[in-house]
Amino acid sequence: MKRIFFLIPVASIVLIGMTTQQIDKKVMDRGKKVYSQYCSPCHQADGSGVPGLNPPLEKTTHVLGNKSSLIKIILKGLNTHEEINGETYNNVMAPHNHLTDQQISDVLTYVRNSFGNKASLITVAEVKSVRAKTK
Amino acid sequence: MQRMMFGPLLFFLFFGNPLKDNVQLFTNESNQQLSVGSGLRLPAGFSATVMADSVGKARHIIINKNGVIYVKLSKLLNGKGILRLQDSNSDGIIDNITGFGNYIGTGITIKNGYLYASSNAEVFRYKLDSNEEVISPDEPEKIITGLINGRQHNTKSLALDNNGNIYVNIGSPSNSCQEIDRGVGSKGKDPCPVLDSAGGIWQFKADKLNQTYKDGVRYATGLRNVMGLKWNEEVNELFVVQHGRDQLDMFPEFFTPQQNAVIPAEEMFMVKKGDDCGWPYCYFDVQQNKKVLAPEYGGDGKKTTRCEGVVQPIVAFPAHMAPNDLLFYTGNMFPAKYKNGAFVAFHGSWNRSPEKQEGYYVVFVPFKDGKPNAAWEVFADGFSGVETVMSPRQAQHRPCGLAMGPDGALYVTDDVKGKIYKITYQGN
């Protein structure tokens with residue numbers, strides 16, 4: 001990634017940073033660690049979830065879509081049991097507001113770029129700003 | 001009974017599906033043998049066939065005296081929540097499928113001329129004629145209503161005794177009664193307030209209409225979620241198998257994920273009126289072989305305060321395997337060792353990562369005089385269709401309900417693809 005960035009103007013760095021799929025390996029490694037400890041019991045190591053209980057995190061609207069609502073799900077948990085791709089899930093997800101902004105940014109970036117997902121990273125600043133508004 | 005609606009299903013059964021290839025063959029002489037066609041591995045002398053496929057999320061099952069099958073569905077199929085399945089030409093394959101009941105659920109059973117079935121909040125019954133056929137499928141009597149339906153653990157398993165009582169499991173709508181359900185480090189509510197209306201077995205009258213909590217008796221408490229619930233006719237007592245607690249590692253100062261994967265047992269109890277089996281304050285630790293105080297209530301994996309008086313399990317199965325049904329074998333087809341013993345259908349675990357998942361099979365527990373008298377063993381395996389299940393979605397089939405046919409055959413439902421397996425014994 002560094003090599004490409006080296007040759008192009010600053011403006012495109014931001015643009016590419018937001019859309020490129022080559023997320024820094026260090027971020028992915030940290031994100032995977034958070035995921036294994038706090039998410040994979042329910043959503044499973046491969047993101048496939050548990051039929052009827054915990055939804056998969058593969059290409060769902062929440063995972064790939066609006067970043068603030070995704071961050072909010074981590075901070076506040078989820079207990080709405082809306083349909084996700086035609087199925088509902090009976091378990092509850094507790095708030096994970098004990099995770100730091102860094103951990104949340106890492107884990108969501110990891111989720112958005114694993115299990116067949118490809119989406120932009122989520123920054124610490126974005127998590128901080130949503131946390132400030134979600135009290 | 002709106003037979004037409006199942007046209008597509010019947011079409012599938014006859015034309016889309018290789019059920020006709022259900023040859024019963026044994027491939028070798030080892031203890032567990034592959035029953036070709038069903039994909040199940042069974043002890044020598046047993047074989048399995050698939051009687052029906054794609055009948056939806058097939059949960060509990062009951063067979064009438066003529067071999068007609070009733071299955072409760074946890075998702076409507078063509079608008080129906082109960083299926084009636086018949087093998088009218090006795091070739092081992094279901095050829096007549098009809099449905100009734102517009103509610104989803106799990107519990108279904110037959111007793112004294114009635115078919116009983118539950119939604120996740122109510123219990124209904126249907127009068128049967130002398131052939132044990134439902135007389136008015138669209139006019140059930142509602143006998144119990146208004147039960148807690150908390151999504152988690154909301155299925156209402158049913159059992160009846162010989163004194164006109166019906167027993168209903170009302171599962172706890174949480175894992176361990178925490179202030180924040182499944183929250184890392186969250187304390188347990190003390191006392192756990194939900195125990196007055198859930199987390200136990202309630203007893204109602206089998207023939208009284210519109211009963212609510214005030215008409216029922218909390219027969220046993222401290223049971224997180226019971227799906228296997230049976231009246232044992234031999235000793236005239238209620239037996240239950242509980243889904244034990246999840247996620248001990250929400251308290252990482254005391255438990256690693258690996259410890260969570262193996263410690264908290266799935267317990268079988270004989271329960272008597274007034275019994276307290278310990279949830280949410282205590283769980284059974286399979287390694288220490290005793291009840292231990294839960295971390296939500298100050299436990300550290302060793303303390304046993306609050307757990308001394310609680311009822312002990314008669315069998316402690318490995319953690320998280322999800323016992324979804326219980327059946328006492330009273331038939332004459334299987335060898336003598338099976339008589340009055342218990343079959344338990346394990347739906348299979350999800351909370352054992354990073355270890356591989358466990359369960360996804362039917363086990364047998366030998367019994368004598370109403371007590372287990374030897375170690376349990378895996379009876380029917382191979383439902384998942386894969387060597388190792390790391391995450392539950394990899395399992396192609398998961399055993400859920402158990403029933404015995406009039407000939408003594410054992411029936412098992414699968415709620416992933418909707419297979420109905422029939423297991424018979426021919427001898428060697």
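By convention in this document, chain letters (A, B, ...) are assigned in the order of the sequence lines, proteins followed by strands, and residues within each chain are numbered from 1.
By the salt bridge (charged side-chain N to carboxylate O under 4.0 Å, His left out) test, A:Lys25 pairs with A:Asp29, sequence neighbours left out.
With a threshold of 4.5 angstrom between heavy atoms, B:Met250 does not approach chain A through any atom at all.
For the pair A:Pro51/B:Val416, no side-chain contact is recorded, criterion being any heavy-atom separation below 4.5 Å from C-beta on.
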Between chain A and chain B, are any donor-acceptor pairs under 3.5 Å, and how far apart is each one to 0.1 Å?
residue: A:Gln44; atom: OE1; partner: B:Gln357; partner atom: NE2; Å: 3.4
residue: A:Gln44; atom: NE2; partner: B:Trp350; partner atom: O; Å: 3.0
residue: A:Asp46; atom: OD1; partner: B:Ser391; partner atom: OG; Å: 3.4
residue: A:Asp46; atom: OD2; partner: B:Ser391; partner atom: OG; Å: 2.9
residue: A:Ser48; atom: OG; partner: B:Ser391; partner atom: OG; Å: 3.2
residue: A:Glu58; atom: OE1; partner: B:Arg393; partner atom: NH1; Å: 2.8
residue: A:Glu58; atom: OE1; partner: B:Arg393; partner atom: NH2; Å: 3.4
residue: A:Glu58; atom: OE2; partner: B:Arg393; partner atom: NH2; Å: 3.0
residue: A:His81; atom: ND1; partner: B:Arg151; partner atom: NE; Å: 3.3
residue: A:Glu87; atom: OE1; partner: B:Lys57; partner atom: NZ; Å: 3.2
residue: A:Glu87; atom: OE2; partner: B:Lys75; partner atom: NZ; Å: 3.4
residue: A:Asn90; atom: OD1; partner: B:Arg151; partner atom: NE; Å: 3.1
residue: A:Asn90; atom: OD1; partner: B:Arg151; partner atom: NH2; Å: 3.2
residue: A:Asn91; atom: OD1; partner: B:Arg182; partner atom: NE; Å: 2.7

